[in-house]
S.K.: 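Can you read through this structure? Questions will come right after.
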Amino acid sequence: DVQLQASGGGLVQTGGSLTLSCVASGFNVDDYAIGWFRQAPGKEREGVSCFSRKDGSTFYTDSVKGRFTISSDSAKNTVYLQMNKLEPEDTAVYFCGADPDTAYGQSYYSMEGAYDYWGQGTLVTVSS
C-alpha cells in the first residue's frame with residue numbers, strides 16, 4: 001500500500017528556514033518519481049520541485065530557485081524540501097506526490113497530473 005506522510009510545516013518569520021519531510025511507505029523512493037507541490041488559499045496547486053529519475057535532473061519553479069533544495073535519503077525512504085529565505089508568498093499547504101512511472105523529464109513531473117499518489121499536506125505560514 002503506497003503511502004506518503006508529509007511533515008515539517010509551521011509558522012516562521014520572513015527570512016527563516018524550514019525543512020519538509022515526505023516519508024514514503026510501500027515503495028522505494030529511489031524507484032518512483034517524487035515531487036513537492038504547494039497550494040495557497042484561493043490558488044491552484046503548483047509544482048515547487050521534483051526529481052526526474054530518467055536523467056537525474058531536478059526542477060524548481062522560478063520563485064524558489066536558489067532558496068529551496070530537494071533531496072532524498074534512501075536509508076530513511078524520505079524526500080526532503082529544504083526551504084531557506086522564506087517569504088510570505090511561500091505560505092501554502094505543501095504536498096508531496098509520487099508516481100511509479102519514471103520515464104519522463106522534469107517538465108512532466110512538475111505537473112500535478114503526473115502523480116498518482118499524494119500525502120496529506122503540511123501547512124507552511126510565513127509571517128511578514
S.K.: Evaluate the side chain to side chain contact (heavy atoms under 4.5 Å, CB included) criterion for residues Glu87 and Arg67: first the C-alpha distance (whole Å), next the side-chain angles of each, then the deciding distance (0.1 Å), finally the verdict.
M.R.: CA-CA 10 Å; Glu87 303 168 353; Arg67 301 189 297 121; 3.8 Å; yes

S.K.: Could you tell me whether the side chain of Trp118 reaches within less than 4.5 Å of the side chain of Glu112, counting heavy atoms only?
M.R.: yes

S.K.: Tell me which one of Ser49, Ser71, Ser17 satisfies side-chain contact (heavy atoms from CB on, under 4.5 Å) with Gln82.
M.R.: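 One option only clears the test, and that one is Ser17.
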
S.K.: Measure the CE-CD distance between Met111 and Glu46 for me, rounded to the nearest 0.5 Å.
M.R.: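 With rounding to 0.5 Å, CE (Met111) is 14.5 Å from CD (Glu46).
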
S.K.: Is it true that Phe59 and Phe68 fall in one hydrophobic cluster, defined by side-chain heavy atoms closer than 4.5 Å?
M.R.: no

S.K.: Treat each ILVMFWY residue as a node, draw an edge where side-chain heavy atoms are under 4.5 Å apart, and state whether Trp36 and Val2 are in one component.
M.R.: yes

S.K.: If I take atom CG from residue Leu20 and atom SG from residue Cys96, how far apart are they, to the nearest 0.5 angstrom?
M.R.: 9.0 Å

S.K.: Taking all atoms of both residues into account, what is the closest heavy-atom pair of Ile34 and Val29, and its distance?
M.R.: CG1-O, 4.1 Å

S.K.: In the structure I gave you, are the side-chain heavy atoms of Asp90 and Arg38 within less than 4.5 Å of one another anywhere?
M.R.: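 Yes, at least one pair of side-chain atoms sits under 4.5 Å.
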
S.K.: Between Asp31 and Arg53, is a salt bridge (charged side-chain N to carboxylate O under 4.0 Å, His left out) present by the stated rule, with each step listed?
M.R.: CA-CA 8 Å; Asp31 297 332; Arg53 299 300 185 191; over 6 Å; no

S.K.: Using the rule given for side chain to side chain donor-acceptor pair (under 3.5 Å), can you reason through Asp73 versus Thr78, listing the C-alpha separation, both sets of side-chain angles and the distance that settles it, and then say yes or no?
M.R.: CA-CA 5 Å; Asp73 185 331; Thr78 301; over 6 Å; no

S.K.: Can a donor-acceptor pair be found, under 3.5 Å and without considering hydrogens, that links the side chain of Asn77 to the backbone of Phe27?
M.R.: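 Answer holds: yes.
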
S.K.: Is a side-chain donor or acceptor of Tyr60 paired with a backbone partner of Ile70 at a separation under 3.5 angstrom?
M.R.: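 Yes, the answer is positive, given that a donor and an acceptor are paired below the 3.5 Å cut-off.
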
S.K.: Work out which heavy atom in Val124 is nearest to a heavy atom in Met83; give both atom names and the distance.
M.R.: CG2-CE, 3.8 Å

S.K.: Would you say Thr14's side chain and Ser127's backbone share a donor-acceptor pair under 3.5 angstrom?
M.R.: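 Here the side-chain-to-backbone pair exists.
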
S.K.: Identify the two heavy atoms, one from Gly105 and one from Ser52, that lie closest to each other, and give their separation to 0.1 Å.
M.R.: CA-OG, 3.6 Å

S.K.: Closest heavy-atom contact between Gly35 and Cys50?
M.R.: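 So the minimum-distance heavy-atom pair works out to CA-CB, 3.8 Å.
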
S.K.: Are any side-chain N or O atoms of Asp99 and backbone N or O atoms of Ala33, one a donor and one an acceptor, separated by less than 3.5 Å?
M.R.: no

S.K.: When you measure from the side chain of Gln106 to the backbone of Ser110, do you find a donor-acceptor pair of N or O atoms at a distance under 3.5 Å?
M.R.: no

S.K.: Measure across Ala24 and Leu4 and return the closest heavy-atom pair with its distance rounded to 0.1 Å.
M.R.: CB-CD2, 4.0 Å

S.K.: Find out whether the Lys NZ or Arg CZ of Arg45 is both under 6.0 angstrom from the six-membered ring centre of Phe95 and within 45° of the ring's axis.
M.R.: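 Yes, Arg45 sits over the ring of Phe95.
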
S.K.: Phe51 and Tyr109: same hydrophobic cluster, using ILVMFWY side-chain contacts below 4.5 Å?
M.R.: no

S.K.: Donor-acceptor pair, Thr122 side chain versus Gly9 backbone, under 3.5 Å?
M.R.: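 Side chain of Thr122 to backbone of Gly9: a pair is present.
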
S.K.: Are Tyr115 and Phe37 close enough that their ring centers fall under 6.0 Å?
M.R.: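 Here the rings of Phe37 and Tyr115 have centres that are less than 6.0 Å from each other.
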
S.K.: Tell me whether Leu86 is reachable from Val93 by hopping between hydrophobic residues (I, L, V, M, F, W, Y) whose side-chain heavy atoms are closer than 4.5 Å.
M.R.: no

S.K.: How long is the span from the OG1 atom in Thr125 to the CG atom in Leu18, to the nearest 0.5 Å?
M.R.: 9.5 Å

S.K.: Please check this pair: side chain of Ser21 against backbone of Ser7, looking for a donor-acceptor N/O pair closer than 3.5 Å.
M.R.: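 No, because the side chain of Ser21 does not come within donor-acceptor range (under 3.5 Å) of the backbone of Ser7.
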
S.K.: Return the minimal non-hydrogen interatomic distance between Leu123 and Ala92, and the atom names on each side.
M.R.: CD1-O, 3.6 Å

S.K.: Identify whether Val64 and Val12 are in the same connected component of the hydrophobic contact network (ILVMFWY, side-chain heavy atoms under 4.5 Å).
M.R.: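 Looking at the clustering, Val12 is in the same group as Val64.
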
